[in-house]
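Start at 1 and go down the list; that is how both ligands and their atoms are numbered.
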Amino acid sequence: MSGMNFQFPVTHNPNSQLDGIDWNNLPFGKIFTDHMFVMEYADGAWQQGQIVPFGPISMHPATSAIHYGQSIFEGMKAYRNLQNEVVLFRPELNAQRFSESAARMCMPTIAEDLFLEAVHQLVALDAAWVTNKPGYSLYIRPFMFATDEFVGIKPSDTYKFVIINSPVGAYYAEPVRVKIEEFYTRAAVGGVGRAKAAGNYGASLYPAKLAQQQGFHQLVWTDAKTHTFIEESGTMNIMFVINDTLITPSEDSDTILRGTTKRTVLELAASWGVPIEERAVTVTEIIEALKSGTLQDAFGAGTAATIAHISTIGFRNELFELPAIESRTLSLRIKTELDNIKSGATSDTHQWVRKIC
Ligand code: COI
């Protein structure tokens, strides 16, 4: 990596698609900005990265990522604040997690300053795509995949790192209905659950589809061995409020993704003096709290949805309706505070916001 030029060469897109965007009908993750960042790994080093017009990537049919799944990604967002600046929210945590995911998947890591500079320069170039429309943002998708043209199984010697950006509105249109899953598994101890590995998401689709056929949006994943401990919800970390205490499964097990939004929620709540428990959370205690009425709130925390309130929890043959969203004082306060920090309406006392331009 020595001698790497962090001033990435840019090939401008002569055909901007920006004017054709219908901001009132923006599907999540289907529209992309005019440019993307591309960088290749070869000969044991990352080569000079560059920014090029957004477009298809051609691939050899034996590209190893397609066959064996050495493929990881990140999700982060840029916002346009009230001062008309474009900002990122805690991007260092994504850079760090990307390195951790790469290491676990036997892929080369990317220096965190290089990762951040690539995001920064790409978002700055396509800054006109970051709207100040409330609830909207630019979803940033860095990803890396193995590119050896080889159907034998071994860690690839070559990789491609790409960043694409997509203007987005809300991820979920309504509070989510979830089902506690007691058979299928998202991640097992010793597996890759902590990594943001593409295969984790692929493997979740079939069980999620079964739940969707039963009227749920997502599953609540439980531990692979006993299915008695709560782990995550859908593609998000899960958080509960019981007797005014904010409770979430601890990250000690390597089955749980280390979410940026969850970490932020915990730090905010702690700064307000809210009691917090990061620990093993059992299915039984959640069901008991639902039955006794002490469960005040449950929500998913993730980059795409930020805070996704849970309206209903299904367990075996029972359906539990959660308290009305309006009564969920803590998560509503968190959501408002996060929006205000990102929009610059509240001062960023935690120093989470990074200005792009
Ligand atoms: C997130 O919740 O931020 C995600 O990882 C969602 C993504 C799979 C679209």
Side-chain angles (χ1 to χ4, degrees), residues 26-33 65 69 71-79 88-102 104-105 115 119 123 135-145 162-178 186-187 192-209 211-212 216-221 230-239 248-249 251 255-266 298-310 331 334-335 338-339 342 352:
L26 204 57
F28 184 94
K30 289 192 178 174
I31 310 277
F32 297 93
T33 66
S71 180
I72 59 170
F73 70 97
E74 265 306 317
M76 48 209 293
K77 280 179 172 171
Y79 305 86
L88 299 172
F89 190 76
R90 311 191 79 179
E92 306 81 16
L93 296 181
N94 299 95
Q96 190 186 334
R97 191 172 63 186
F98 197 70
S99 289
E100 290 164 7
S101 297
R104 177 62 185 85
M105 295 303 290
F115 177 101
V119 169
V123 174
Y136 284 67
S137 57
L138 187 71
Y139 185 78
I140 304 167
R141 170 53 63 87
F143 59 104
M144 191 213 303
F145 60 96
V162 184
I163 309 173
I164 54 176
N165 292 333
S166 172
V168 296
Y171 189 72
Y172 286 114
E174 54 183 359
V176 293
R177 296 162 57 85
V178 300
R186 192 192 84 91
V192 299
R194 180 176 287 172
K196 212 159 170 68
N200 287 338
Y201 296 77
S204 75
L205 297 176
Y206 177 67
K209 183 174 139 188
Q212 281 152 14
F216 298 97
H217 294 97
Q218 279 298 350
L219 290 172
V220 172
W221 299 104
I230 305 263
E231 299 217 311
E232 293 191 22
S233 175
T235 60
M236 290 177 285
N237 293 121
I238 190 164
M239 314 190 82
T248 192
E251 294 169 346
T255 55
I256 294 177
L257 193 87
R258 295 180 157 174
T260 299
T261 308
K262 178 186 77 172
R263 184 58 41 210
T264 301
V265 167
L266 291 171
F299 56 94
T303 297
T306 314
I307 303 291
H309 285 114
I310 293 173
S331 61
I334 288 167
K335 204 168 178 341
L338 285 177
D339 285 345
K342 290 166 184 171
W352 287 331

Does any N or O in the side chain of [X] come within less than 3.5 Å of the main-chain N or O of [Y], such that one atom is a donor and the other an acceptor?
X: Thr261; Y: Gly302; result: yes
X: Arg141; Y: Glu74; result: yes
X: Ser166; Y: Phe32; result: no

Q) Do Tyr139 and ligand 1 have an N or O pair less than 3.5 Å apart? A)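 The answer is no, given that Tyr139 and ligand 1 share no N or O pair closer than 3.5 Å.
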Q. Looking at Arg194, Arg97, Lys262, which hits salt bridge (charged side-chain N to carboxylate O under 4.0 Å, His left out) with Glu251?
A.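 Testing each of Arg194, Arg97, Lys262 against Glu251, the sole residue satisfying salt bridge (charged side-chain N to carboxylate O under 4.0 Å, His left out) is Lys262.
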Q | Tyr201 and Phe73 aromatic centres sub-6.0 Å | A |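 Here the rings of Phe73 and Tyr201 have centres that are less than 6.0 Å from each other.
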Residue, atom name and distance, where the atom is the protein heavy atom closest to [atom]:
atom: atom 9 (C) of ligand 1; value: Tyr171 OH, 3.8 Å
atom: atom 6 (C) of ligand 1; value: Thr235 OG1, 3.6 Å
atom: atom 8 (C) of ligand 1; value: Tyr201 CE2, 3.8 Å
atom: atom 1 (C) of ligand 1; value: Ala304 N, 3.6 Å
atom: atom 5 (O) of ligand 1; value: Lys196 NZ, 2.8 Å

(Q) Assess whether a salt bridge exists between Glu232 and Arg186, defined as any Lys/Arg side-chain N lying under 4.0 Å from an Asp/Glu carboxylate O. (A)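 Looking at Arg186 together with Glu232, the answer is yes, because their closest N to O distance falls below 4.0 Å.
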Q. Which of the numbered atoms in ligand 1 are below 4.0 angstrom from a heavy atom of Met236?
A.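 Once the distances to Met236 are compared, the set is 2 (O).
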